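What you are looking at is a predicted structure, and each value in this text was computed from that prediction instead of being measured.
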Amino acid sequence: MKRTLGIFRLFSVILLVSTPFAGAQEKPYNVLFLAIDDLNTWPLSEPHRYGGQVAAPNIRKLADEGVIFMRNYCASPKCSPSRTAVLSGVAPWVSGVYQNSQTPDNSEVLQKAIELRSHFQDNGYYVVSSGKIGHGWKTGFKPDAPDSGRGTRDPVPPNAPLSPSSRGGEQDWGPIHIPEEEMNDTKQADFAIAELQKKHDKPFFIACGMFHPHMPWYVPQKYLDMYPLDSIVAPPIKEGDLDDMPERGRALALDRTEVYENAVEHGVYKNALRGYLASTTYVDAQMGRVLDALEASPYKDNTIVILWSDHGFHVGEKFHWQKGTLWEEGTHSLLMMKVPGMTQPKQVCEQIVSLLDLYPTLNELCGLPDPPQTLSGKSLVPLLKDPDHPWDNAAISGYTFQKPDLDETDVFLSVRTPDYRYISYGDGTEEFYHRTKDPNEWTNEAGNPEYQEQIERHRALLPDPMKPTPAKVRSKK
């Protein structure tokens, strides 16, 4: 009898060791997938990038409850290519999708791919999606609630533009004229909350995307009031910053300068920063409502929570406004995860990771079969268990600078490693920054003999951007 019992105990130990996450969770994981548009990493409060305080208590609380990836980078610094990369798991240099104007449906690679939400739906999950998650990719995904795709903007105040420096359109900021409960991002949060309050008989994947802080920055006055102008600290901006850049780098920076220049000219630069900060705090409040609903639900102990932003955002650094660059401000994005039974509170991961890693990570955590497409990223599960796990620390971001006639594009690629950033403009010109010595990327060391060995090492990490057939550009109407 003792021998039989001993064999049974030995078998039990072997089973526990060999079964992934054994004892950590008895039921399949649910997924709460939270996306925020145009949110930079100011909520991380990195002192070398922004010295002011950002009121984002709910995002900070979530970061403290699990793993915050301090060095996460997007695959492309624009909405559609970044989100296409996340939802397909396929890098732009494989799919050919680098710009909002390119059609993911016309990518030969993506035609054979299964989008992330569809993959969960095909494998028995109840899947719903609300707000801005995808961006113009018609995948055949059929949620129970309509995905608004690019997100729905709030109505423009009748007295817009509200800023004296605005020339109309989305480049504006100020108090909105409708109640907060009528704003579209509030309604997206309402939808996710209602889903979390339902009884679910099978695992769920609930996606909720926020449009703010995408411009225009129209928010309730109370969020603007949280940021007195004398409390706002502008990011460091260096005159002559573009002087040591190659021609294509300068063209990229100067492609969007008018908002910054107009705001400075009219003396309302800090007002513009207040608009961005207030929009961030408004979104934080909506995400907090969703997270509170999860905490009050019976699903809190077996639901993966992931919060990410699709790319970074410039507010004057390198004289650029908005996204669409390959420097730190354009490519660095938020990523945090909480996995019941696996992550521990207050874990900070300093390894270099990518939004391309989300698809393989969720696939592994939820035990789903591999999709038909080859995933470009890798699972973050080892880092969720141990943030200091040995890691291949390099993240690549790709972008194109579109010609006016849209007939051709130039592929630009950036390689981010722990201490350096390397940018190739496809014509032999380069930028190279020693980020530990130069965190603002003010000094291009591409011509410095001291760094030639490192530059060659980074060149060797570049993918071939011309492998895929470029995705077609949407026709003009």
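A 4.5 Å side-chain heavy-atom check between Gln171 and Arg256 finds at least one atom pair inside the cut-off. Looking at heavy atoms from C-beta onward, Ile36 lies in side-chain contact with Pro213 at the 4.5 angstrom threshold. Taking 4.5 Å as the limit, some side-chain heavy atom of Arg416 sits within range of a side-chain heavy atom of Ile352. Within the 4.5 Å cutoff, side-chain heavy atoms of Lys323 are placed close to those of His214. Side-chain contact check for His177 versus Pro158: some heavy-atom pair is nearer than 4.5 Å. Between Tyr126 and Lys198 there is a side-chain heavy-atom pair separated by less than 4.5 Å. Residues His200 and Glu195 form a side-chain contact, since some pair of their non-hydrogen atoms from C-beta on lies under 4.5 Å apart. Between Leu32 and Val290, the closest side-chain pair of non-hydrogen atoms falls below 4.5 Å.
The closest donor-acceptor contact from the side chain of Asp438 to the backbone of Tyr433 lies at 3.5 Å or more, if one exists at all.
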CA sep, side-chain torsions, deciding dist, call: Asn30, Thr303, side-chain hydrogen bond (donor to acceptor under 3.5 Å, both in side chains)
CA-CA 4 Å; Asn30 302 306; Thr303 298; 3.3 Å; yes
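Between Glu329 and Lys318 there is no salt bridge, since no side-chain nitrogen of the basic residue lies less than 4.0 Å from a carboxylate oxygen of the acidic one. A salt bridge links Asp190 to Arg289: one of the charged nitrogens lies within less than 4.0 Å of a carboxylate oxygen. With respect to the salt-bridge test (charged N to carboxylate O, under 4.0 angstrom), the residues Glu170 and Arg153 qualify. Using a cutoff of 4.0 Å between basic side-chain nitrogens and carboxylate oxygens, Asp37 and Arg83 are scored as salt-bridged. Between Lys346 and Asp64, at least one side-chain nitrogen of the basic residue sits less than 4.0 Å from a carboxylate oxygen of the acidic one, meeting the salt-bridge criterion.
For the 3.5 Å distance criterion, the side chains of Tyr73 and Ser414 fail to qualify, holding no donor opposite an acceptor. There is no side-chain donor-acceptor pair under 3.5 Å between Ser163 and Asp172.
Partners of Arg71 by side chain to side chain donor-acceptor pair (under 3.5 Å), not counting sequence neighbours: none found. In this structure, the ring-ring contact (aromatic ring centres under 6.0 Å, His included) partners of Tyr359, at least two apart in sequence or on a different chain, are His119.
Applying side-chain contact (heavy atoms from CB on, under 4.5 Å) to Leu294 and the options Ile193, Val305, Ile206 leaves one that passes, Val305.
Enclosure of atom CZ in Arg459 by more than 12 non-hydrogen atoms of other residues, nucleotides or ligands within 6.0 angstrom is indicated.
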